[in-house]
Amino acid sequence: MKIILIGASGTLGKAVGRELNARHEVVHVGHSSGEFQVDITDRKSIERLYEKTGDFDAVVSTTGNIHFGPFDQLTPEQFEVGLRSKLMGQVNLVTSGLKRIRSGGSFTLTSGQINDDPIRLGVSGAMVNGALEGFVRSVAIELPCGLRINLVSPTVTEESWGAFGPFFPGQKPIPAAEAALGYAKSVEGPQTGRVYRIGWSRDQ
Ligand SMILES: NC(=O)c1ccc[n+]([C@@H]2O[C@H](COP(=O)([O-])OP(=O)(O)OC[C@H]3O[C@@H](n4cnc5c(N)ncnc54)[C@H](OP(=O)(O)O)[C@@H]3O)[C@@H](O)[C@H]2O)c1
């Protein structure tokens with residue numbers, strides 16, 4: 001399969017690339033790195049990216065920015081960061097990708113656990129992750145041509161524990177390579193409209 005991996009240089013993206021490269025043609029995309037560059041907050045930039053990549057079988061997104069901060073100090077502009085990047089950026093990767101994806105192809109997006117398992121300073125990210133779940137479950141029943149879509153919700157990776165660990169007391173981090181298996185399951189398996197929780201459970 002030809003897979004467009006957006007966020008390929010990141011912590012999750014590198015692990016996903018290593019997992020999928022063995023079996024597929026992976027096109028590495030970043031904001032400032034990779035074979036192609038895109039700004040997912042800019043719909044025209046996404047359309048230019050897909051014009052350059054040509055047709056493909058799958059899009060995997062391991063990107064999306066969020067502002068973390070105390071709820072009573074969050075400004076509208078800070079909420080906008082997550083809405084424009086992690087939420088609408090990933091939604092637009094799907095809407096624009098419809099023109100270029102081959103029949104039977106798939107989209108795989110990224111969220112995280114904090115909408116179900118809240119942390120301090122995480123309101124904006126929780127809101128966006130919840131919206132992504134609603135989007136994926138809903139759009140799965142409307143996608144044409146046998147197209148599929150899933151969401152991967154990994155816990156904190158060992159590689160990111162230094163930065164995020166203090167916000168997740170009691171959480172056991174996972175290697176990014178383990179999170180990458182959720183992306184392989186989405187791209188290579190038959191399922192659609194699913195949320196793959198990797199390394200955490202809703203009952204914790
Ligand atoms: N790391 C974790 O433990 C973890 C766990 C759960 C969920 N997540 C979620 O997974 C996503 C990725 O996290 P990460 O830690 O892997 O991130 P990361 O290491 O900071 O990497 C971010 C990637 O996204 C690209 N990027 C940044 N801004 C972009 C933009 N505007 N348009 C297109 N690409 C852009 C970067 O490209 P350049 O390098 O070229 O700038 C880079 O490839 C985030 O939404 C995060 O919340 C992460």
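Every number for a ligand or one of its atoms is a count from 1 in the order of the listing.
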*asked:* Can you confirm whether K185 sits close enough to Q191 that some side-chain heavy atom of one is under 4.5 Å from a side-chain heavy atom of the other?
replied: yes

*asked:* On a heavy-atom basis, which atom in P154 and which in L12 lie closest, and how many Å separate them?
replied: CG-CD1, 4.1 Å

*Quick one, list the residues around ligand 1 where some non-hydrogen atom comes in under 4.0 Å, by chain and residue number.*
G7, A8, S9, G10, T11, L12, G30, H31, S32, S33, V38, D39, I40, T62, T63, G64, N65, K86, T110, S111, P154, T155, V156, T157, S160

Which donor-acceptor pairs under 3.5 Å do side chains of residues 22-31 form with protein atoms, sequence neighbours excluded?
unit_1, atom_1, unit_2, atom_2, d
R23, NE, E188, OE2, 2.8
R23, NH2, E19, O, 3.4
R23, NH2, E19, OE2, 2.9
R23, NH2, E188, OE1, 3.4
R23, NH2, E188, OE2, 3.3
H24, ND1, M1, N, 3.3
H24, NE2, E188, OE2, 2.6
H28, ND1, V26, O, 3.4
H28, ND1, E35, OE2, 3.0

*Sequence neighbours excluded, every pair satisfying side chain to side chain donor-acceptor pair (under 3.5 Å) that has a member inside residues 129-139*: K86-N129, N115-E133, E133-R137

*Applying salt bridge (charged side-chain N to carboxylate O under 4.0 Å, His left out) between D57 and each of R102, K2, R100, report the one that passes.*
R102

_Under the side-chain contact (heavy atoms from CB on, under 4.5 Å) test, residues paired with T41 that sit two or more places apart_ = D39, R84, S85

